Amino acid sequence: MQLQHLLGIEPLQPQQIKEILDLADQYADRNRTSSRNSKVLAGCTQINMFFENSTRTQASFEIAGKRLGADVMNIAMQASSIKKGETLVDTALTLNAMHPDLLVVRHPHSGAVDLLAQKVNCAVLNAGDGRHEHPTQALLDALTIRRSKGRLHRLNIAICGDIAHSRVARSNLILLGKMENRIRLVGPATLMPAGINEFGAEVFHDMEEGLKDVDVVMMLRLQRERMDGGFIPSEREYYHRYGLNAAKLSNAKPDAIVMHPGPMNRGVEIDGDIADDLSRSVIQEQVEMGVAVRMAAMDILMRNRRQNLEEAQR
Ligand code: NCD
């Protein structure tokens, strides 16, 4: 697989998605054993640049890199020269001059990570750019679904809540669509993105109807940091209509799984009891698969990079 960067799900072929998931599946199994550490990325320098808050994504990229033997460095972007007026590209060029092998980047602006990838000569991995893409999140969601449902095609999947501001929804829509699933988008009209019809998903404004007979319920946080005005009347009203509780979930298939990328706002988009119900909720598995998927993605990118560097030296 000749991937140089992982900037989004959009450019990936279904076969490439499958290859990443197959490798991640192996890492997931190995991560549960005591022989989880290896030297696959020994000698590689990985720099994590997070211009936006993150708990699980940043931690799992760091753990994934360390588990594979990379030299991992986290830059606290809040304390960096960006605060002194340096541009994103200048910061990236500065780091690039130190010859890292991989930059893992999260940025509040859609397209910023693609731009950065054009300026540097190391591999770039998108850890979320604005409301555009979050490819490793979609991959870890896909792996979680595949492991719990035994397949990743012909499933009925409802993505619910703040679709408009969500890169998670966007990357998932693209990935799950490529794998031939039937996708429903459930939420108020104000939280549906423009051009929604292009995705070939069914849109529901009524949660009971939207969840009818689905195999997977994927909940999303209200992304207030990307809202500039009143998108919902009140959190109470939102919870009443769109918060996932046992009554609403009873419309889905009896074995439907509940997912959430985190961070979760209990009592806003999801009832705490549902989130904690281990017979339905796979939220902790999603976090576990996150490490495995990031190990697989970095393994593939670094293998390709090594090969390209060797060819260039010949
Ligand atoms: C998401 C993100 O940052 O896009 N979180 C994550 O990466 N797990 C979703 C969110 O912020 O709500």
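First listed ligand is number 1; within each ligand, the first listed atom is number 1. Note that the coordinates shown come from a computational prediction; the quantities given were computed from them, not determined experimentally.
Salt-bridge formation is not detected for the pair R226/D162: no Lys NZ or Arg NE/NH1/NH2 atom is positioned less than 4.0 Å from an Asp or Glu carboxylate oxygen.
The number of heavy atoms from other shown groups lying within 6.0 Å of CG (N53) does not exceed 12. Shown here is R241, whose CZ atom has no more than 12 heavy atoms of other residues, nucleotides or ligands within 6.0 Å. The 12-atom threshold is exceeded at CD of E86, counting heavy atoms of other residues, nucleotides or ligands nearer than 6.0 Å. Heavy-atom neighbours of E198 CD from other residues, nucleotides or ligands within 6.0 Å: at or below the threshold of 12.
Among residues two or more places apart in sequence or in another chain, the side-chain hydrogen bond (donor to acceptor under 3.5 Å, both in side chains) test is passed with Q286 by D141.
Near Q137, meaning under 4.0 Å from one of its heavy atoms, ligand 1 places the atoms 6 (C), 7 (O), 8 (N). Distances below 4.0 Å separate heavy atoms of T57 from the following atoms of ligand 1: 6 (C), 7 (O), 8 (N). Listed by atom number, the atoms of ligand 1 under 4.0 Å from R221 heavy atoms are 10 (C), 11 (O), 12 (O). Counting atoms of ligand 1 from 1 in the listed order, those under 4.0 Å from a heavy atom of V168 are 1 (C), 4 (O), 9 (C).
The closest approach between R106 and ligand 1 falls below 4.0 Å for a heavy atom of the residue.
Looking from atom 4 (O) of ligand 1 to the surrounding protein, the closest heavy atom is R167 NE, 2.7 Å. Ranking the protein heavy atoms by distance from atom 9 (C) of ligand 1 puts G262 O, 3.5 Å first. Scanning the protein heavy atoms around atom 7 (O) of ligand 1, the nearest turns out to be H134 NE2, 2.8 Å.
Of all the listed residues (P263, S54, S60, P261), P261 holds the heavy atom that lies closest to atom 8 (N) of ligand 1.
In the hydrophobic clustering (ILVMFWY side chains linked at under 4.5 Å, chained through shared members), V268 is joined by V186, L191, F204, M207, L211, V214, V217, M219, L222, M227, F231, I232, Y238, Y242, L244, L249, V258, M264, I270, I274, I283.
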